[in-house]
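If you read the sequence from its start, that first residue is 1, and numbering goes on from there.
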Amino acid sequence: MYKKRGLLIVLSGPSGVGKGTVRKELFSQPNTNYEYSISMTTRNPREGEVDGVDYFFKSREEFETLIEQGRLLEHAEYVGNYYGTPLDYVEETLEAGRDVFLEIEVVGAAQVRKQVPDGLFIFLAPPSLSALEDRLVGRGTETTEVIQSRVGKAREELEMMNLYDYVVENDEVQNACDRINAIVTAEHCRRERVEKRYIQMLEGDF
Ligand code: 5GP
């Protein structure tokens, strides 16, 4: 009997692009039918953050034990703290046929790409990227230094896109959410993802 596995959705992108805001907005909407994987971190809780809701807050020692035991799908150090995705939760939820959503930084996303090549990788891009490119190519009214540093930053960000299947520009939070939902819906209809089920149906398996 064919059992449908859930889809692993990874939202990532450069620092400061608004991943957290978009993720919170997505999960505040009643039509969102994927599960958010709560990350582990060694950073201190911010005001209002709740253990087991926003993050699982761990000591460095506890986190390093989790790494040693292979209990994280990915992990990365970001501004002096560890962040990581619990492997068991992701595996069990996907196995139960439900989609899992990760909101993680780019180093971790690259690790997931290797571990789960059939995941759905969405790059959240800064809203100013295309405007910036146009402006840089255009009149050249800014100092060479400013242009160079912006070109450098834009290039870094563009290079990061290579690992992803889709790019969503975060011009407005709601627009970004709508695009992400549309991508997830389309991804479920992708031939490679559905054909196994039909092959088994044709073979009379169910
Ligand atoms: P913050 O400390 O602001 O909550 O998160 C800092 C950064 O860590 C954000 O870019 C966020 O997306 C990323 N992050 C959150 N959870 C994880 C995780 O489990 N793994 C990785 N690699 N990054 C994470």
Side-chain angles (χ1 to χ4, degrees), residues 4-41 54-55 72-76 78-79 83-87 89-133 153-195:
K4 188 171 176 277
R5 238 176 105 81
L7 176 65
L8 182 63
I9 306 156
V10 179
L11 180 71
S12 191
S15 159
V17 73
K19 300 187 286 292
T21 312
V22 168
R23 184 258 300 173
K24 282 185 191 121
E25 181 57 31
L26 270 174
F27 281 89
S28 73
Q29 296 173 1
N31 59 343
T32 298
N33 54 7
Y34 24 84
E35 313 289 327
Y36 176 56
S37 164
I38 300 165
S39 295
M40 316 255 182
T41 186
D54 299 283
Y55 281 103
L72 300 175
L73 171 62
E74 60 74 37
H75 69 276
Y78 180 86
V79 204
Y83 293 82
T85 302
L87 181 60
Y89 173 80
V90 170
E91 187 45 39
E92 283 159 17
T93 312
L94 292 175
E95 193 51 34
R98 293 198 304 278
D99 296 348
V100 176
F101 187 96
L102 310 183
E103 178 247 297
I104 60 179
E105 52 70 66
V106 288
V107 174
Q111 292 172 34
V112 182
R113 177 106 239 187
K114 287 200 188 115
Q115 305 265 1
V116 189
D118 69 344
L120 169 60
F121 293 80
I122 304 174
F123 185 88
L124 193 67
S128 60
L129 199 59
S130 52
L132 173 68
E133 283 173 320
K153 181 104 183 115
R155 182 170 296 141
E156 267 172 38
E157 288 173 351
L158 282 167
E159 280 168 5
M160 283 195 259
M161 277 183 198
N162 287 340
L163 281 177
Y164 296 79
D165 303 307
Y166 292 90
V167 177
V168 165
E169 207 172 308
N170 187 18
D171 48 0
E172 266 187 46
V173 175
Q174 190 53 53
N175 287 345
C177 291
D178 292 346
R179 291 178 193 128
I180 291 167
N181 282 323
I183 290 166
V184 173
T185 303
E187 197 65 20
H188 275 291
C189 303
R190 190 185 278 281
R191 196 240 319 137
E192 294 91 323
R193 296 196 191 275
V194 290
E195 69 184 354

Listed once per pair and sorted, the ring-ring contact (aromatic ring centres under 6.0 Å, His included) pairs that draw on residues 166-195, sequence neighbours left out: none

[X] [atom1] to [Y] [atom2] distance, which is reported to the nearest 0.5 Å:
| X | Y | atom1 | atom2 | answer |
| --- | --- | --- | --- | --- |
| T41 | D54 | OG1 | CG | 11.5 Å |
| Y83 | Y78 | OH | OH | 7.0 Å |
| L120 | I122 | CG | CD1 | 4.5 Å |
| Y164 | F121 | OH | CZ | 8.0 Å |
| Q174 | L26 | CD | CG | 8.5 Å |

Walk me through whether Y34 and N181 qualify under side chain to side chain contact (heavy atoms under 4.5 Å, CB included). CA-CA 10 Å; Y34 24 84; N181 282 323; 2.5 Å; yes

Salt bridge (Lys or Arg N to Asp or Glu O under 4.0 Å) partners of residues 112-127, not counting sequence neighbours, each pair once: R113-D165

How would you list all residue pairs meeting salt bridge (Lys or Arg N to Asp or Glu O under 4.0 Å) that involve residues 9-26, not counting sequence neighbours? R23-E103

Which pair of non-hydrogen atoms, one from [X] and one from [Y], has the smallest distance, and what is that distance?
| X | Y | answer |
| --- | --- | --- |
| L73 | L8 | CD2-CD2, 4.2 Å |
| F123 | P14 | CZ-CD, 3.4 Å |
| P126 | E169 | O-CG, 3.9 Å |
| P86 | G84 | CD-O, 3.8 Å |
| A176 | N170 | CB-OD1, 3.7 Å |

Hits for side chain to side chain donor-acceptor pair (under 3.5 Å) against T185, two or more places apart or cross-chain, chain-then-number order -> none

Quick one: does D99's side chain have a donor or acceptor within less than 3.5 Å of a partner on G6's backbone? no

Using modelled atom types only, decide if a donor and an acceptor are shared between the side chain of R98 and the backbone of E35 within a distance under 3.5 Å. no

When you compare the side chains of T85 and E74, does any donor N or O come within less than 3.5 Å of an acceptor on the partner? yes

Mind running side chain to side chain contact (heavy atoms under 4.5 Å, CB included) on L124 and S12 for me, showing each step along the way? CA-CA 6 Å; L124 193 67; S12 191; over 6 Å; no

Who are the salt bridge (charged side-chain N to carboxylate O under 4.0 Å, His left out) partners of E95, not counting sequence neighbours? K3, R5

I would like to know whether L7 and R193 meet side chain to side chain contact (heavy atoms under 4.5 Å, CB included); could you show each step before the answer? CA-CA 9 Å; L7 176 65; R193 296 196 191 275; 3.4 Å; yes

Are any non-hydrogen side-chain atoms of [X] and [Y] less than 4.5 angstrom apart?
| X | Y | value |
| --- | --- | --- |
| V90 | L102 | yes |
| V100 | T93 | yes |
| Y55 | M40 | no |

Indicate the ring-plane relationship of F101 and F27, choosing parallel, tilted or perpendicular according to the 30° and 60° boundaries. perpendicular

May I have the list of side-chain donor-acceptor pairs in residues 104-111 shorter than 3.5 Å, sequence neighbours left out?
{"from": "E105", "atom 1": "OE1", "to": "V107", "atom 2": "N", "distance (Å)": "3.1"}
{"from": "E105", "atom 1": "OE2", "to": "G108", "atom 2": "N", "distance (Å)": "2.8"}
{"from": "Q111", "atom 1": "OE1", "to": "H75", "atom 2": "N", "distance (Å)": "3.1"}
{"from": "Q111", "atom 1": "NE2", "to": "H75", "atom 2": "O", "distance (Å)": "2.7"}

Do other residues, nucleotides or ligands put more than 12 heavy atoms under 6.0 Å from the CD atom of E172? no

